[in-house]
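Heads up, the thing below is written out as structure tokens.
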Amino acid sequence: MRTQVGIVGAGPAGLMLSHLLHLAGIESIIVETRSRQYCEARVRAGLIEQWVVDLLKQTGVGARMRKEALFHDGIKLSFNESLHHIDFRKLVRRGVAVYGQQEIVKDLIAKRLKDGGQILFETEAIKIDGIEGKKPTIAFTLGGASQTIECDFVAGCDGFHGISRPAIEKVLQFFDREYPFGWLGILADAKPVDDELIYAYHERGFALFSMRSEHVVRYYLQCAPNEDAKTWSDDKIWSELGARLAGQARKRLKTGKITEKSVTAMRSFVCEPMQHGRLFLAGDSAHIVPPTGAKGMNLALADVCVLSRAFEQYYKTKRETLLKGYSENCLRRIWKAQRFSWWMTQMLHRFGAGNDFDMRRQLAELDYVSTSDAAARSLAENYTGLPMDGAWRRRR
Ligand code: DHB
């Protein structure tokens with residue numbers, strides 16, 4: 001098999017890259033270990049920045065999102081038994097949308113297949129070779145048989161545990177931080193407690209009240225990092241959610257059937273650079289953020305916008321300036337998102353009982369963000385997404 005850009009991984013990054021390349025007349029093949037059904041059902045985060053809403057609409061994959069996404073103009077912070085509104089629209093004149101990652105994945109898979117795109121599901125990429133030359137290859141197995149894709153470039157969009165980052169490990173530097181807690185996430189058939197997301201700080205730990213529709217909620221509770229979700233009974237989850245929520249909202253908390261429960265560990269991770277030879281890393285293969293600022297998928301999509309533009313420049317002009325600058329260009333945004341995700345995380349979580357100084361400091365920070373327009377604007381600017389510097393807009 002031969003293509004221009006070989007893509008490892010059919011998550012949001014790999015699929016969006018393939019879609020953007022197709023719009024620019026560049027061929028790609030995606031290799032994905034899992035089945036289509038698995039990719040489409042994988043429950044992940046669900047918040048997209050304003051520019052992602054625009055990207056989906058303007059590249060022809062926004063029809064269902066327009067109808068089904070929930071558009072939010074702000075969030076609420078819950079602490080000291082009361083709710084505080086942060087009004088993004090007023091502060092920075094933009095908002096965010098709640099639209100599950102797997103919905104974006106479904107829309108992109110459908111569009112790629114409709115446009116004749118090649119996605120090899122249930123195909124395990126085994127080895128990436130030749131990236132220091134001009135003809136890299138991806139070796140894979142399909143139905144027990146070994147095959148290779150020859151390409152001009154490889155995009156490693158295969159997540160934190162994929163094979164792409166280890167393929168260039170010798171040139172990489174790693175930066176990371178682990179947090180002493182995880183998130184227990186649930187999906188439940190219940191009416192949302194509020195029309196906006198609530199980020200709750202409480203002595204008992206952080207809680208987040210999000211949603212997927214008018215009838216499905218996505219809630220999270222701070223827990224131990226390696227806790228088994230099965231040890232959390234449904235009753236315990238609902239009572240803990242209630243206990244961590246400010247009084248005025250607690251009364252509105254509706255319980256319902258819990259349909260999904262899982263625990264995610266929290267970490268910050270960046271590798272530098274995000275490229276070597278003809279292999280380019282994008283999304284979780286290069287960086288992980290703690291979920292508190294909902295930046296993971298947005299960053300992955302930002303990476304592939306920058307990367308697709310660089311490929312476009314290469315194929316149109318044979319110039320490699322954007323390809324050479326890919327990592328540096330992405331890392332500026334990534335580090336700002338790392339900073340914001342770390343900041344939200346440290347402000348909202350309990351780092352162990354008994355540290356009263358930290359608790360007072362966190363409450364002062366929440367009070368400051370809720371009462372100062374300058375502080376709230378900084379939160380709003382980062383939460384709704386820093387400017388994309390025209391990375392995808394300029395070309396059309
Ligand atoms: C969701 C997840 C997040 O990490 C967040 O900050 C906001 C919303 C969600 O899954 O809905």
Side-chain angles (χ1 to χ4, degrees), residues 11-12 41-50 52-53 65 68-78 86 88 95-105 160 179 181-201 205-223 225 229 237 241 244-245 256 258-269 283-284 287-301 337-349 366 369 379-386:
R42 190 158 41 184
V43 178
R44 289 284 189 278
L47 201 104
I48 51 181
E49 296 171 355
Q50 181 74 59
V52 175
V53 171
M65 184 269 303
E68 296 178 18
L70 303 168
F71 295 91
H72 287 183
D73 286 340
I75 56 168
K76 295 193 174 90
L77 298 174
S78 162
I86 307 286
F88 297 156
V96 291
V98 178
Y99 192 60
Q101 171 169 325
Q102 75 274 28
E103 306 306 326
I104 294 184
V105 164
F160 187 69
Y179 299 88
F181 38 74
W183 276 14
L184 169 73
I186 64 151
L187 265 185
D189 298 329
K191 215 169 129 28
V193 66
D194 197 272
D195 55 0
E196 289 182 329
L197 269 60
I198 301 178
Y199 287 80
Y201 177 83
F206 169 73
L208 169 57
F209 298 81
S210 180
M211 61 197 79
R212 287 291 176 273
S213 71
E214 305 293 341
H215 313 283
V216 176
V217 296
R218 178 87 172 132
Y219 291 164
Y220 300 92
L221 285 167
Q222 178 182 348
C223 65
I237 290 172
L241 285 163
R244 296 184 191 186
L245 188 58
I258 297 180
T259 54
E260 225 263 350
K261 262 184 223 179
S262 59
V263 172
T264 324
M266 309 255 292
R267 68 184 315 174
S268 303
F269 170 84
D284 284 8
H287 44 79
I288 300 284
V289 286
T292 324
K295 290 283 161 254
M297 177 171 56
N298 293 291
L299 273 185
L301 294 172
Q338 288 287 357
R339 182 209 68 82
F340 176 67
S341 306
W342 162 85
W343 176 77
M344 288 281 279
T345 302
Q346 63 79 33
M347 176 171 69
L348 287 160
H349 290 77
L366 286 159
V369 169
L379 190 162
E381 183 185 29
N382 283 278
Y383 194 98
T384 57
L386 291 173

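Counting convention: from 1, in listed order, for ligands and their atoms alike. Just so you know, these numbers use all the heavy atoms, side chains as well, and skip hydrogens, waters and symmetry mates.
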Without swapping roles, check the side chain of [X] against the backbone of [Y] for a donor-acceptor pair under 3.5 Å.
X	Y	answer
Q222	G205	no
H72	D195	yes
E381	L386	no
T259	L187	yes
Q50	G95	yes
D73	E196	no
E68	M65	no
N298	E49	yes

For ligand 1, which atoms sit closer than 4.0 Å to a heavy atom of [X]?
X	value
A45	10 (O)
L197	7 (C), 8 (C)
R218	10 (O)
T292	6 (O)
L208	3 (C), 5 (C), 6 (O), 7 (C)
G46	9 (C), 10 (O)
Y199	5 (C), 6 (O), 7 (C)
A294	3 (C), 5 (C), 6 (O), 7 (C)

Heavy-atom contact under 4.0 Å between R212 and ligand 1?
yes
With a heavy-atom distance limit of 4.0 Å, tell me whether S210 approaches ligand 1 through its side chain, its backbone, both, or neither.
side chain
Classify the contact between V98 and ligand 1 as side chain, backbone, both or neither, using a heavy-atom distance cut-off of under 4.0 Å.
neither
Any nitrogen or oxygen of [X] lying under 3.5 Å from a nitrogen or oxygen in ligand 1? Just yes or no.
X	value
R44	no
L47	no
W183	no

What is the nearest protein non-hydrogen atom to atom 4 (O) of ligand 1, stated with its residue, atom name and distance?
P291 O, 2.5 Å
Would you mind checking which non-hydrogen protein atom is closest to atom 10 (O) of ligand 1, with the distance to 0.1 Å?
Y220 OH, 2.6 Å
Ring geometry between Y199 and Y383 (parallel below 30°, tilted from 30 to 60°, perpendicular above 60°):
perpendicular
Should the pair W183 and Y220 be assigned to parallel (<30°), tilted (30 to 60°) or perpendicular (>60°) ring geometry?
tilted
